[in-house]
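Below is one structure; the comments refer to it alone.
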Amino acid sequence: MTRRILLIDDDPIIRAVAAASLGSAGWSVESAASGLEGITKAQATAPDAILVDMMMPELDGFATLQRLRASPLTHRVPVILLTASGGSEYDAEALTNLDVAAVVRKPFDIMRLPGEVASVLGWDR
């Protein structure tokens with residue numbers, strides 16, 4: 001079974017690099033350039049996991065996550081946050097309260113990203 005990942009990030013370079021990295025694991029990767037586009041695609045395609053950038057214009061990662069969790073179509077899809085921030089707002093308790101699977105810090109290692117995602121989600125590669 002091919003895993004489907006939705007990558008939501010406003011940076012086209014990050015989208016391209018992360019999509020290539022995740023695709024190298026044999027997963028199908030769809031991208032969205034904004035939170036609103038990502039929500040629409042998530043509801044239409046039912047991905048197995050969603051990676052969401054925290055710092056986006058208009059609808060940031062927190063707001064995108066809230067809308068994904070509020071929708072019956074996406075409320076159970078595992079979400080991994082992508083962030084360049086190293087702040088304490090991403091400690092273990094905060095993650096539990098946010099209902100996310102993990103946080104991946106940018107810049108990420110493209111060679112290790114698929115393994116990190118698979119490990120967090122319990123997927124065999």
Side-chain angles (χ1 to χ4, degrees):
M1 175 173 108
T2 300
R3 301 286 185 171
R4 294 164 309 175
I5 296 180
L6 174 61
L7 173 64
I8 306 172
D9 197 305
D10 62 311
D11 185 322
I13 294 170
I14 296 289
R15 284 195 315 271
V17 170
S21 175
L22 296 167
S24 73
W27 302 330
S28 171
V29 182
E30 186 161 355
S31 297
S34 71
L36 289 175
E37 180 186 1
I39 291 164
T40 299
K41 285 187 175 186
Q43 292 175 339
T45 64
D48 295 306
I50 304 171
L51 279 66
V52 180
D53 179 27
M54 291 306 299
M55 305 298 278
M56 295 185 288
E58 297 177 25
L59 197 63
D60 69 8
F62 286 113
T64 301
L65 177 63
Q66 286 177 327
R67 292 190 187 187
L68 289 168
R69 292 294 175 244
S71 169
L73 297 173
T74 57
H75 75 280
R76 292 181 189 244
V77 178
V79 173
I80 296 173
L81 302 179
L82 299 174
T83 183
S85 171
S88 62
E89 68 269 26
Y90 304 119
D91 63 19
E93 183 177 340
L95 292 177
T96 301
N97 293 336
L98 288 175
D99 190 24
V100 297
V103 173
V104 172
R105 306 238 187 262
K106 292 178 186 177
F108 48 80
D109 181 336
I110 62 169
M111 300 303 289
R112 296 180 61 182
L113 183 62
E116 289 179 48
V117 170
S119 177
V120 165
L121 299 176
W123 295 355
D124 292 326
R125 287 189 50 199

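Note that this is a predicted model, so its numbers are computed, not measured. Count residues from 1 along the sequence.
Phe62 contributes atom CZ, which lies 9.0 Å from atom CE of Met55 (distance to the nearest 0.5 angstrom). Note that the CD atom of Glu58 and the CD atom of Glu37 stand 11.5 Å from one another [nearest 0.5 Å].
Note on Arg76 versus Asp99: no salt bridge recorded, every NZ/NE/NH1/NH2 to OD/OE distance being 4.0 Å or above.
Looking at Asp48, its side chain does come within 3.5 Å of a backbone N or O of Arg4 through a donor-acceptor pair. Remark: side-chain polar atoms of Arg15 are paired, donor with acceptor, to backbone N or O of Asp9 under 3.5 angstrom. Formation of a donor-acceptor pair under 3.5 Å by the Lys41 side chain with backbone atoms of Ala32 is not found in this model.
A pairwise comparison of heavy atoms in Ser31 and Ala19 identifies OG-CB, 4.3 Å as the closest pair. The two residues Thr64 and Gly35 have their closest heavy-atom pair at OG1-CA, 3.3 Å. Residue Ser28 comes nearest to Thr2 through the heavy atom pair N-CG2, 3.7 Å, listed as atom of the first residue, atom of the second, then distance. In terms of heavy atoms, Asp11 sits closest to Ile13 at OD1-N, 2.8 Å. Of all heavy-atom pairs spanning Asp10 and Pro57, the tightest one is OD2-CD, 3.4 Å. Smallest separation of non-hydrogen atoms from Ala25 and Pro114: CB-CB, 3.8 Å.
When each of Val77, Ile80, Leu81 is paired with Ile50, the side chain to side chain contact (heavy atoms under 4.5 Å, CB included) condition holds for Val77 and for no other. Here the options are Ile8, Thr74, Leu59, the test is side chain to side chain contact (heavy atoms under 4.5 Å, CB included), and the partner is Ile39; only Leu59 passes.
When the side chains of ILVMFWY residues are joined at heavy-atom separations under 4.5 Å, either directly or via intervening members, Leu73 and Leu36 end up in two distinct hydrophobic clusters.
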Show the numbers, then the answer: is there a side-chain contact (heavy atoms from CB on, under 4.5 Å) between Val117 and Leu121?
CA-CA 6 Å; Val117 170; Leu121 299 176; 3.8 Å; yes
For side-chain contact (heavy atoms from CB on, under 4.5 Å), just list the numbers for Leu82 and Met54, CA-CA rounded to whole Å, side-chain angles, deciding distance to a tenth of an Å, and then say yes or no.
CA-CA 6 Å; Leu82 299 174; Met54 291 306 299; over 6 Å; no
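In this structure the side chain of Leu113 reaches within 4.5 angstrom of the side chain of Leu22, judged on heavy atoms. The shortest side-chain heavy-atom distance between Arg105 and Thr83 falls under the 4.5 Å cut-off. Under the 4.5 Å side-chain criterion, counting only non-hydrogen atoms from C-beta, Ile14 is not in contact with Leu7. Side-chain contact check for Val120 versus Val104: every heavy-atom pair is 4.5 Å or farther apart.
Looking only at atom types and distance, the side chain of Ser71 has a donor-acceptor partner in the side chain of Gln43 under 3.5 Å away.
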